[in-house]
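The next block holds one structure in the form of C-alpha cells; read it before the comments.
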Amino acid sequence: EKAGYDHFMLKEIFEQPKAIRDTLAGRIKDGVVDLAQDISFTEEDLKGIDKIHFVACGTAYHAGLMGKSVVEKLVRIPVEVDVASEYRYRDPIITPSTLVVVVSQSGETADTLAALREAKKAGAKVLGITNVVGSSVSREADQVLMTWAGPEIAVASTKAYTSQLIAIYLFSLHLARVRGSLDAAELKAYTTALLNLPEQAQTILEEADAIRPFAEGIAKHDNLFFIGRGLDYAVVMEGSLKLKEISYIHSEAYAAGELKHGTLALIEDDIPVIALATQKAVFEKMVSNIIEVKARGAHVLGIGLQGDTELGKSVDETLTIPETLPLLTPVLAVIPLQLLSYYASVARGLNVDKPRNLAKSVTVE
Ligand code: M6R
C-alpha cells in the first residue's frame, strides 16, 4: 500500500500535487471561488463577521498562522490564531459575529474539539476544515470545508498541511468576493495562480533527490536554526516541527529579524541555518539577516525563488522553488522542508512513519 515508496511519508509528500488539485476541484468557476456547494453561510452571515479566530494544534496550527496573513491581506478582517490547548483556557473574546475556524486533519484532536464546543457555546459561527468525512469536527462544526488529501497515514503531516493551506485560500477568496475586498482582476489572478500550483509542486518533487545531500549534512548535527520573515516565518515553523518530529534533531524557527534580540548568541561555527527567502517584499532585510548569521560562522542553506540571482551570493548552498504569487508561496516552499526532514530521518536510520512518543491523532487532552 506504499505504492513502491519506502515510507508512507514519502508517498504522501509525492501525493501533494493530487491533494492540491482535488482540494481545488469544482470550487473555482470563471476566475472566482464559489463555495456554495460546500458551505451555506449566507452572504449576510459572511458580511457580518468582524473577527476570525483560527484554532488548531501542531501542523494545523501552522496552517492557521498562514491563514492570518492571508485573510488579513485579502479580506481585511482582524485574525487571531491560537493553539487549541491555550485557546480554551485564556477566556478569548468570542461573540456571535466571531467566526472560529477550526483546522484538523483527523477531525478528532481532543483539544481542538473542545475549543470548537466552547466557541459554539459562546455563540460564534464555527467553520471546520478537516480531511476526514464523518469525523467529529465535520459533524459538530456549523459548516465544513473538506480538504481532499486522501488518507494520511504517516504521523508527520504533509499533504494535509498543503491541502489546509488551499482550503484557507479558497475560503479567503470566497469571503473577499462576497465582501468586495478584491476586484475581479485580483480574484482572477489568485485563482489562476492556485490552479497552477499542482504542476509547480510536481516540478519540485521531480528534483527531490537533489535535497538528499543537504539532509545528510544536517543529519550529523544536533542543533540547527530555521529563519524566515513574513509568510516564510510561518513556513519555517512547520519545517522545524517536521524535523524535530521525525529526525529528533533540535531546531528552532526564528523570525529572522528577531535573532539579534537574543538567539544570535547561539550561532557558532558550522551550525546549520536554513534560510527561507521567498518573499520579495522583505528580501533585502532577509539577506541582511543571513549575513548576520554567516558572520558568526553559520553554514547557510538558502531556499529562494527560481530566477533569483541574489540569494546565492550570501549563502553557502541554494535550493530554489518556482515562483507564484507571494501569498501562495508557502504551498511550494514547505515541500523542500518536508523532504529535508524525511531524508534526515532516513539518514539517521529512524522510524520515519512512526516517530517515538507520538500518535497520529491526539485524542487525549
Ligand atoms: O489531526 P489534527 O490536524 O488535528 O492533528 C494536529 C496535530 O496533532 C498534527 O498536525 C501534528 O502536529 C503532526 N503530527 C505534525 O506533523
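Whatever order the structure lists ligands and atoms in, that order sets their numbers, starting from 1. Since the structure is predicted, the reported quantities are computational estimates derived from the model, not experimental observations.
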- Item | Side-chain touch His221/Ile218, heavy atoms, less than 4.5 angstrom | no

- Query: Below 4.5 Å, heavy atoms only, C-beta onward: do Glu238 and Leu337 meet side chain to side chain?
  - Reply: no

Polar proximity ligand 1 side, [X] side, N/O cut 3.5 Å exclusive:
X      : result
Gln164 : no
Thr112 : no
Val362 : no

- Task: Could you tell me whether Glu108 approaches ligand 1 through its side chain, its backbone, both or neither, with non-hydrogen atoms closer than 4.0 Å?
- Result: neither

- Message: Does only the side chain of Lys360 get under 4.0 Å from ligand 1, or the backbone, or both, or neither? Count heavy atoms.
- Response: neither

Considering only the protein, which heavy-atom contact is closest to [atom], and what is its distance?
atom                    : value
atom 3 (O) of ligand 1  : Gln105 N, 2.6 Å
atom 7 (C) of ligand 1  : Cys57 O, 3.6 Å
atom 14 (N) of ligand 1 : Glu245 OE2, 2.6 Å
atom 1 (O) of ligand 1  : Ser106 OG, 2.7 Å
atom 5 (O) of ligand 1  : Thr109 OG1, 3.5 Å
atom 11 (C) of ligand 1 : Thr59 N, 4.2 Å

- Task: Identify the heavy atoms of His250 and Asn223 that sit nearest to each other, and give their distance.
- Result: ND1-OD1, 2.6 Å

- Here the pair of heavy atoms bringing Ser106 nearest to Thr130 is C-OG1, 3.9 Å

Give the atoms of ligand 1, by number and element, whose distance to some non-hydrogen atom of [X] is under 4.0 Å.
X      : answer
Lys242 : 15 (C), 16 (O)
Gly58  : 12 (O)
Ala156 : 16 (O)

- Residues which pass salt bridge (Lys or Arg N to Asp or Glu O under 4.0 Å) with Lys125, listed by chain and number, not counting sequence neighbours: none

Please table the atom pairs, donor to acceptor, closer than 3.5 Å between any side-chain atom in residues 148-163 and protein atoms at least two apart or in another chain.
from, atom 1, to, atom 2, distance (Å)
Glu152, OE1, Ser157, OG, 3.2
Glu152, OE1, Lys360, NZ, 2.7
Glu152, OE2, Ser157, OG, 3.3
Glu152, OE2, Thr158, N, 2.8
Glu152, OE2, Lys159, N, 3.4
Glu152, OE2, Ala160, N, 3.0
Lys159, NZ, Glu15, OE1, 2.7
Lys159, NZ, Ala149, O, 2.8
Lys159, NZ, Pro151, O, 2.9
Thr162, OG1, Gln16, OE1, 2.7
Thr162, OG1, Thr158, O, 3.4
Thr162, OG1, Lys159, O, 3.3
Ser163, OG, Lys159, O, 2.7

- Message: Could you tell me if Ser341 and Ser247 have a donor-acceptor pair between their side chains, going purely by distance under 3.5 Å?
- Response: no

- dist Phe226:CZ -> Leu241:CG (nearest 0.5 Å) comes out at 10.0 Å

- Hey, does the Lys NZ or Arg CZ of Arg348 hover above the aromatic six-ring of Tyr248, less than 6.0 Å from the centre and inside 45° of the axis? no

